[in-house]
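The structure appears right after this line, and notes come after that.
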Amino acid sequence: MIYFDNSATTRPHHDALSSYTEAAQTYFANPSSLHRMGGKAEQLLTACRKQAAQLLHVEENEIIFTSGGTEGNNLAIKGTAFRKKRIGNHIITTTIEHPSVLETCAELEKQGFQVTYVDVDKYGYVTADKIRAAITDNTILVSVMHVNNEIGTIQPIQTIGKMLTEFPNVTFHVDYVQGAGKVELDLKKSHIHLCTLSAHKFHGMKGSGILFKDKDVFIAPQLSGGGQEQELRSGTENVPGITAMVKALRLTMENLRDQPARLFELREKLWEGIAKMEGVILHSPPAGAPHIVNFSVPGIKPEVLVHALGEKDIYVSTKSACSSKNSDASAVLLACGVPEAQAESAIRVSFSYDSTMEEVEYFLVVLQEALTQLKKVMR
Amino acid sequence: MKSIYLDHAATSPMHPDVIQAMIPVMEGTFGNPSSVHAFGREARHIVDVARDKVAASIGASDKQIIFTSGGTEADNMALIGTAIARKEQGKHIITTAIEHHATLHAANYLESQGFDVTYLPVDATGAVKLEDLQGALRPDTILVSIMMINNETGIIQPVQAIGELLKSHSAYFHTDAVQAYGTEEIDVVSLGVDLLSVSAHKINGPKGIGALYVADHVRIKPITYGGEQERKRRAGTENVASIAGFGKAAELAMNQRAERKAAYQQLQDTFVSELEAAGTNFFINGDTGPRSAGIVNLSFPGTNVESLLMNFDLSGVTVSSGSACTAGSVDPSHVLKAMYGEDERVTNSIRFSFGYGNTAEAVAEAAQTVAAIIKRLTKGKE
C-alpha cells in the first residue's frame with residue numbers, strides 16, 4: 001500500500017501504540033482520583049504535559065489537552081469570542097481556513113459577531129498588511145492557519161504575529177494542525193496566543209489534541225463539568241491517548257530535526273514528475289509545505305482518478321476529508337481564484353516521514369498510466 | 001495485602017477484549033472515515049459497526065447515536081444543544097441537586113445565558129420525588145435532565161416514572177445514564193427519554209469516547225463546528241479505534257449485563273456483610289430505596305474523609321469519597337449535602353464501587369482491612 005493521504009490522517013506510530021496500550025493497562029485510574037493509582041495516572045499526565053510543553057517550547061500550564069483539532073479550533077475561537085465580547089465583537093480570519101474554523105466563525109456571525117474573511121492570492125497566501133487593514137477598534141481575534149490543509153501554503157505567521165503586537169486587544173490564534181512536526185513554527189517568537197494541534201495528523205491517535213494557550217490570555221471554557229485542564233476543558237482526561245500523542249509528537253519532531261530535507265526531496269521529485277505530465281495543473285505554491293502537493297487534471301473527475309489509483313493500492317484524496325461529502329469544487333481553490341472546472345478536479349497528495357522515494361517514483365508511473373488510460377476513454 | 005481497586009465508578013480498567021478489538025484498528029485501519037478512498041471506507045465501516053452495537057445496547061437505532069469525546073461532552077451537548085435550539089419555546093430547565101458536575105455546570109452556564117434553572121432537591125432517600133418534578137414543571141419548561149443512577153451513592157432515580165409523567169409535557173427528557181450503563185437494562189423507548197448520555201470508560205471501554213442518544217424528533221444544535229461528521233451534529237474526525245473499543249465494550253456489557261449485575265451485587269453484599277460481621281459502625285447512605293449493584297456509599301461515624309482516604313489507600317483499598325471529577329479536592333460532597341444537609345455524614349463517607357476484576361475473596365479481604373482501620377480510627381471515641 002502507498003498511503004499518500006497523510007493530511008487526512010496518519011498511521012499511528014508503533015511506539016505511540018505501545019504507549020497507548022501500556023498506559024491503558026497500567027495507568028487506567030482516573031487522574032482526578034485522590035488515591036495512589038489516581039496519583040500515578042496524574043503523574044503520567046503531568047509528565048506528558050511537561051514533555052509537550054518542552055517540545056513546543058512553552059510552559060506546562062499553557063497546554064490544554066483536547067479531543068482533537070476541531071475541538072481545539074472551536075475552543076480557541078468561541079472561547080475567545082465569548083470571553084472578550086465586552087471588548088469587541090470583530091473577528092478576522094482568512095477565506096481558506098479549515099471548516100472547523102470557518103464553520104465556527106459562521107456560527108458566531110449568527111450570534112452577532114462580525115467576521116472578516118481576508119482574501120488570499122493565487123497560491124493561498126495572506127499578508128500581514130491585509131490583516132492589518134481589516135483590524136478595527138472592535139477586533140478581538142485573528143485566526144490564521146499555519147499550513148493550508150489542501151494546498152500546503154505556509155502563511156507568514158511570524159510576520160502577522162509581530163504586526164499584531166501593536167494591537168494588545170487582539171488574541172492571535174493559529175491552526176497548526178497540518179504544520180506540526182512538518183514545518184517549523186516558533187510559537188513564542190511568532191507571538192501566538194492560541195495554537196491548535198491534532199494527534200492523528202502526526203502519528204498519534206485520533207481523539208486527542210492540544211490547544212496551546214498563552215498563560216496571559218483568557219478564554220471561556222466550552223465544556224463544563226469536573227473542571228479538568230485548569231477548568232478550561234472538563235471531562236476525564238484520555239491519559240492513554242495523551243501519552244500516545246506526546247510520544248508521537250516527539251518522534252515526529254525528531255524526524256523534522258534529523259532529516260529536514262527528506263520531505264522536500266520527495267516533494268521535488270513528485271513536483272517535477274507531475275509538471276511534465278500533459279494536461280496537469282499544479283495548485284500548490286512552489287515554496288509550500290514539503291508534504292502537500294495539490295494538482296488537477298481538468299476533464300477527469302477526481303473520484304475516477306482516486307479510484308484508479310486505489311486499484312493500485314495507492315491512496316490520495318480529492319480535498320479535505322472534512323469536506324469531502326460535498327462533491328462540488330474545493331472552497332480553498334476557489335478562494336485562490338482557480339476556475340471552477342479546475343477546482344472540481346483537484347487531487348491532493350500528502351506525505352509523512354514514512355513515505356519513500358520509491359513510492360513517489362511508482363506513484364508517478366501509475367499516475368501517468370492512469371491519465372493515459374482515462375484520457376483515451378474520454379476521447 | 002494486595003491492593004484492590006474499588007473505584008470503578010470513577011473509571012474502570014479496560015477489558016482485554018476491548019484492547020484486542022482496538023489494536024488491529026490502530027495498526028491496520030487508521031484511515032479517515034471521511035476519505036472517499038477504500039481505505040477511508042474501511043474505517044467508516046468500523047465506525048458503522050460499532051454504532052450499531054452502541055445503538056443496540058440502549059434500544060436505539062444507529063442514526064440516533066452521536067459519538068462524543070465522553071460523558072461530559074454528551075451531557076453538555078444534551079443540555080446546551082437543546083436549550084439553545086428551543087429557546088423560543090421557553091427558557092425553563094429542570095434538573096436536580098445531585099447531578100454529575102457535567103450536568104450541573106452546564107446548567108449553571110445556561111443560567112448565565114438567561115435560562116431559568118430549577119434544581120430539584122432530594123431528601124435522605126437520595127431519590128427525586130415525582131411530585132417535586134410535577135410541581136416544578138411549567139408551560140415554558142423546555143428540558144428536564146435527571147440522571148439514572150447517582151454516581152456517588154448509586155441511588156436509582158425513578159427515570160421510567162419521570163418519562164411517563166413527561167409524556168404529557170413538551171419538555172425534552174434527558175438522562176445521564178453513565179453510571180447505569182453496563183449493569184442496568186436501558187431501553188430508550190420504554191424509559192421515555194429523548195436524550196441519554198453514556199461513556200465508554202465506565203464500562204471497561206477506552207477513555208475519550210462516549211455517546212449521546214438523540215430521539216428523531218429532538219431539535220439540537222451542535223456545540224462543535226467544522227466537518228460534517230455525525231450527521232452534521234458533532235464535527236471532528238471520528239476516533240475510529242476508540243469507537244471500535246466502545247462498540248466492543250457495549251457488546252460485552254449487553255451480553256453479560258445480567259451476570260455482571262448479579263456478580264457486582266454479590267460483591268457489594270459480601271463487602272457490607274463482612275463489615276457487619278466485624279462489628280464495624282457504619283451506615284449505608286441512602287439505604288431506603290433501590291441502589292446500583294456496583295456502588296455503595298458508606299458513612300463511618302467518628303471519622304473524617306481525609307484520614308479515611310489516606311488510610312484505605314495506604315492499605316491498598318483504592319476508593320474515592322465521591323466524584324473523581326471534583327478534581328483533586330475533598331470538597332464536601334454536593335450529593336450527600338443535598339441528602340443530609342450539614343450532617344456529619346457529609347464529612348465521613350466513602351464510595352466503594354465494584355466491577356471487572358474484583359473477586360469475592362479480595363472484596364472480603366478489603367472489608368476486613370476497612371473494618372480494622374475504622375476500629376483503629378474510632379478507638380476511644382465510642
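Every value quoted in this text rests on a predicted model; they were computed, and no experiment measured them.
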Less than 4.5 Å to any heavy atom of chain B: does that hold for the side chain of A:T10, its backbone, both, or neither? backbone
Are the side chains of A:H307 and B:H37 in contact, using a 4.5 Å heavy-atom criterion? no
Need one label for A:Q222: side chain, backbone, both or neither, based on atoms under 4.5 Å from any heavy atom in chain B. backbone
Residue, of A:V239, A:L102, A:V316, A:N73, that accumulates the most heavy atom pairs under 4.5 Å with chain B: A:V316
Is there a donor-acceptor pair closer than 3.5 Å between any side-chain N or O of A:N30 and the backbone N or O of B:T11? no
Is any side-chain heavy atom of A:E237 less than 4.5 Å from a side-chain heavy atom of B:K207? no
For A:K40, does the NZ atom sit with more than 12 other heavy atoms under 6.0 Å from it, leaving out its own atoms? no
Do any of residues 15-23 of chain A have a heavy atom less than 4.5 Å from a heavy atom of chain B, and if so, which, in residue order? A:L17, A:Y20, A:T21
Just checking, is any N or O donor in the side chain of A:S224 or B:N108 under 3.5 Å from an acceptor N or O on the other one? no
How about CD on A:E231, more than 12 heavy atoms from neighbouring residues, nucleotides or ligands closer than 6.0 Å, or not? no
Contact class of B:L79 relative to chain A, heavy atoms under 4.5 angstrom: neither
With a 4.5 angstrom heavy-atom cut-off, is it the side chain or the backbone of B:R41 that approaches chain A, or both, or neither? neither
Please classify the contact between B:I223 and chain A as side chain, backbone, both or neither, with a heavy-atom cut-off of under 4.5 Å. both
For B:N76, is it the side chain, the backbone, both, or neither that has a heavy atom closer than 4.5 Å to a heavy atom of chain A? side chain
Taking A:S33 as the fixed residue, which of B:D313, B:D7, B:T318 is the one that meets the side chain to side chain donor-acceptor pair (under 3.5 Å) rule? B:D7
Sidechain-backbone polar pair: B:H105 side chain, A:G225 backbone, donor-acceptor under 3.5 Å: yes
Under 4.5 Å to a heavy atom of chain A? For B:A38 that would be both
Bottom line for B:Y109: the part with an atom under 4.5 Å from chain A's heavy atoms is side chain
Check whether B:M310 gets within reach of chain A through its side chain, its backbone, both or neither, counting any heavy atom under 4.5 Å. neither
Hey, are B:T72 and A:R233 close enough side-chain-wise for a donor-acceptor pair under 3.5 Å? no
Chain B contact via A:V101 - side chain, backbone, both or neither, heavy atoms under 4.5 Å: neither
When you check the gap from the basic side-chain N to the acidic O, do B:E27 and A:R11 get nearer than 4.0 Å? no
The ring pair (Phe, Tyr, Trp, His ring centres under 6.0 Å) partners of B:H8 (sequence neighbours excluded) come to B:Y5
Any side-chain donor near an acceptor of the partner, B:T224 and A:N74, under 3.5 Å: no
